[in-house]
Trainee: 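Quick one: the structure is below, questions incoming.
Whatever order the structure lists ligands and atoms in, that order sets their numbers, starting from 1.
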Amino acid sequence: MRLRTARSRPLLAALALALPGLALAAAPANPPARVQASCTMCHGTHGVNTRMPYIPRLAAQSRVYLIEQLRAFRDGSRSDPPAIMYMWPVSEVLTNREIKKIALWYSSQKPPRPQRANALLVAAGHKIFLRGILKKGVPACMSCHGPQALGDGIYPRLAGQNAAYIKEQLRFFRSGIRHDKNAAIMHMVTAHLSDREIREVAAYLSHL
Ligand code: HEC
Ligand code: HEC
């Protein structure tokens with residue numbers, strides 16, 4: 001009996017570390033030096049760049065997702081062309097510690113504001129987000145990304161993301177060019193999405 005409790009304790013501790021969200025960390029007051037030096041130029045210090053639509057907003061993004069992506073750029077498993085061109089050179093030098101700090105910084109920034117979008121596209125995209133497209137076997141996006149698209153764990157936040165970036169990533173998943181560790185789920189989701197439906201759902205999400 002005694003032996004069992006002694007043994008299960010480290011196991012529980014390991015489990016707690018492995019479960020995202022359980023390892024609580026306070027929001028930092030100042031950006032890590034690395035953010036200012038290597039990321040601000042494109043993503044902004046607070047994760048909301050406004051001028052460059054193909055560069056994703058990182059503010060309030062899921063911390064776990066950010067860690068996963070920075071590792072995927074660093075180990076080369078996220079290998080779509082803009083990833084190779086822009087993110088491989090900057091992620092190559094990041095240590096695990098830096099990745100965690102950067103992820104904590106951007107995930108604790110104020111969420112991006114909704115962006116303008118065409119009302120017809122937004123309405124059609126809303127339907128796909130809530131219900132999927134039954135006859136094509138496209139699942140409802142909200143079932144994984146959350147009812148408000150706020151994301152959690154490995155599921156990215158999509159609310160307020162740039163439409164151009166969302167469209168590009170959905171095409172990358174559909175063609176299989178983006179094939180990092182958790183991308184297989186999105187290959188299945190996008191397999192039967194048309195370009196029009198991609199535009200609709202991107203308009204809806206950027207407008208949230
Ligand atoms: C020269 C511009 C540039 C710089 C500098 C840059 N990025 Fe990026 N970043 C991009 C682009 C472009 C993408 C989209 C890549 C793609 O399409 O796969 C991106 C994607 C990302 C993503 C994925 C976000 C998502 O929603 O999947 C993260 C995380 C990220 N960058 C973090 C950083 C961090 C941290 C730094 C600094 C260490 C940094 N970036 C520096 C241009 C840049
Ligand atoms: C079964 C769960 C699941 C469903 C359903 C789902 N997604 Fe995803 N989605 C994911 C996961 C997991 C990722 C992260 C993939 C990765 O790490 O490569 C993701 C990534 C994304 C990204 C990339 C975000 C970024 O910042 O790079 C977009 C865009 C996206 N999903 C849109 C959608 C849309 C639109 C739908 C509905 C048509 C949808 N997803 C349905 C699980 C899901």
Side-chain angles (χ1 to χ4, degrees), residues 31-45 47 49 52-59 61-74 77-94 98-107 125-133 136-146 149 151-174 177-194 197-206:
R34 177 70 76 180
V35 162
Q36 305 276 39
S38 328
C39 323
T40 295
M41 176 170 77
C42 289
H43 294 284
T45 301
N49 57 311
M52 296 168 280
Y54 289 98
I55 300 182
R57 297 179 153 191
L58 306 178
Q61 183 53 278
S62 152
R63 187 176 59 85
V64 170
Y65 174 76
L66 289 173
I67 293 174
E68 291 279 338
Q69 297 310 306
L70 287 169
R71 287 189 181 146
F73 291 126
R74 188 180 61 181
S77 58
R78 181 164 167 185
S79 56
D80 52 84
I84 296 175
M85 195 178 313
Y86 300 107
M87 285 306 301
W88 282 19
V90 284
S91 57
E92 187 175 74
V93 296
L94 300 178
E98 276 180 313
I99 286 184
K100 284 194 188 136
K101 277 197 189 168
I102 293 171
L104 178 62
W105 171 255
Y106 279 124
S107 66
H126 190 187
K127 277 195 200 139
I128 299 175
F129 184 79
L130 288 183
R131 291 186 229 134
I133 308 170
K136 295 210 246 177
V138 176
C141 319
M142 66 161 270
S143 61
C144 293
H145 293 278
D152 190 26
I154 64 162
Y155 304 107
R157 174 194 178 96
L158 303 172
Q161 187 54 277
N162 298 328
Y165 172 77
I166 294 178
K167 285 189 271 190
E168 182 169 67
Q169 297 306 309
L170 290 173
R171 290 194 211 103
F172 285 162
F173 286 128
R174 193 175 58 184
I177 282 184
R178 178 169 167 186
H179 50 75
D180 45 280
K181 196 169 80 190
N182 299 317
I185 308 178
M186 284 303 298
H187 294 165
M188 184 268 292
V189 170
T190 50
H192 303 292
L193 274 185
S194 68
E197 288 152 0
I198 285 180
R199 279 216 302 282
E200 292 168 347
V201 89
Y204 171 68
L205 292 167
S206 67

Trainee: Do other residues, nucleotides or ligands put more than 12 heavy atoms under 6.0 Å from H192 NE2?
Mentor: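 Incorrect, the count does not exceed 12.
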Trainee: In ligand 1, which numbered atoms sit nearer than 4.0 Å to a non-hydrogen atom of R78?
Mentor: 16 (C), 18 (O), 23 (C), 25 (C), 27 (O)
Trainee: For the residue pair I55 and N162, establish whether any side-chain heavy-atom pair is separated by less than 4.5 Å.
Mentor: no
Trainee: May I ask you to list the atoms of ligand 2 that are less than 4.0 angstrom from any heavy atom of V201?
Mentor: 35 (C)
Trainee: Quick one: does ligand 2 sit under 4.0 Å from the side chain of F129, the backbone, both or neither, non-hydrogen atoms only?
Mentor: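 Looking at F129 and ligand 2, no heavy atom falls under 4.0 Å.
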Trainee: Backbone, side chain, both or neither: what part of Q169 comes under 4.0 angstrom of ligand 1, heavy atoms only?
Mentor: side chain
Trainee: Against heavy atoms of M41, which atoms of ligand 1 measure under 4.0 Å?
Mentor: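 Reading through ligand 1 atom by atom, the close ones are 5 (C).
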Trainee: Taking heavy atoms and a distance under 4.0 Å, where does A183 meet ligand 2: side chain, backbone, both or neither?
Mentor: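 A183 to ligand 2: contacts from backbone and side chain alike.
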Trainee: Could you check whether N49 and R57, counting side-chain N and O atoms only, form a donor-acceptor pair closer than 3.5 Å?
Mentor: no
Trainee: Examine the proximity of ligand 2 to A140 and report which part, side chain or backbone, both or neither, has a heavy atom under 4.0 Å away.
Mentor: backbone
Trainee: Can you classify the ring geometry of Y155 versus H145 as parallel (below 30°), tilted (30 to 60°) or perpendicular (above 60°)?
Mentor: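 Plane angle over 60°, so perpendicular.
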Trainee: Just going by heavy-atom distances, which of Y165, F172, Y54 is nearest to atom 26 (O) of ligand 1?
Mentor: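 The option holding the nearest heavy atom is Y165.
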Trainee: What is the minimum heavy-atom distance between T45 and W105, and which atoms define it?
Mentor: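 Nearest heavy atoms, T45 then W105: O-NE1, 2.7 Å.
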Trainee: For Q69, which part has a heavy atom under 4.0 Å from ligand 2: side chain, backbone, both, or neither?
Mentor: side chain
Trainee: Could you check whether any heavy atom of R178 sits closer than 4.0 Å to an atom of ligand 2, since that is the contact criterion I want to use?
Mentor: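 A heavy atom of R178 does come that close to ligand 2.
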Trainee: For K181, is there an ion pair with E68 - N to carboxylate O distance below 4.0 angstrom?
Mentor: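 Yes.
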Trainee: Polar contacts were defined as any N/O atom of the residue lying under 3.5 Å from an N/O atom of the ligand; does this apply to Q161 and ligand 1?
Mentor: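 No; every N/O pair is 3.5 Å or more apart.
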Trainee: Assess the pair Y165 and Y54: is the distance between their ring centroids shorter than 6.0 Å?
Mentor: no
Trainee: Quick one: which ligand 1 atoms are inside 4.0 Å of a heavy atom on L70?
Mentor: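 In order of numbering, the contacting atoms are 32 (C), 35 (C).
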Trainee: Can you confirm whether P31 sits close enough to Q36 that some side-chain heavy atom of one is under 4.5 Å from a side-chain heavy atom of the other?
Mentor: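 Touching, per the 4.5 Å side-chain cut-off.
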Trainee: I need the atoms of ligand 1 closer than 4.0 Å to a non-hydrogen atom of L66, numbered in the order shown.
Mentor: 29 (C)
Trainee: Leaving out waters, which are not shown anyway, how many protein N, O or S atoms lie closer than 2.8 Å to atom 8 (Fe) of ligand 2?
Mentor: 2
Trainee: Within ligand 1, which atoms have a heavy atom of I102 less than 4.0 Å away?
Mentor: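 Under 4.0 Å from I102, ligand 1 has these atoms: 35 (C).
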Trainee: Work out which heavy atom in R63 is nearest to a heavy atom in A103; give both atom names and the distance.
Mentor: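 For R63 and A103, the tightest heavy-atom pair comes out as O-CB, 3.8 Å.
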Trainee: Around atom 8 (Fe) of ligand 1, what protein N, O or S atoms are found below 2.8 Å?
Mentor: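 Only H43 NE2, M87 SD fall inside 2.8 Å of atom 8 (Fe) of ligand 1.
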Trainee: Salt bridge between K127 and E200, side-chain N to carboxylate O under 4.0 Å?
Mentor: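 So K127 does not pair with E200 through a salt bridge.
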Trainee: Got a sec: does the CG of D152 have more than 12 other heavy atoms crowding it under 6.0 Å?
Mentor: no
Trainee: Are any of the N/O atoms in D80 less than 3.5 Å from those in ligand 1?
Mentor: yes
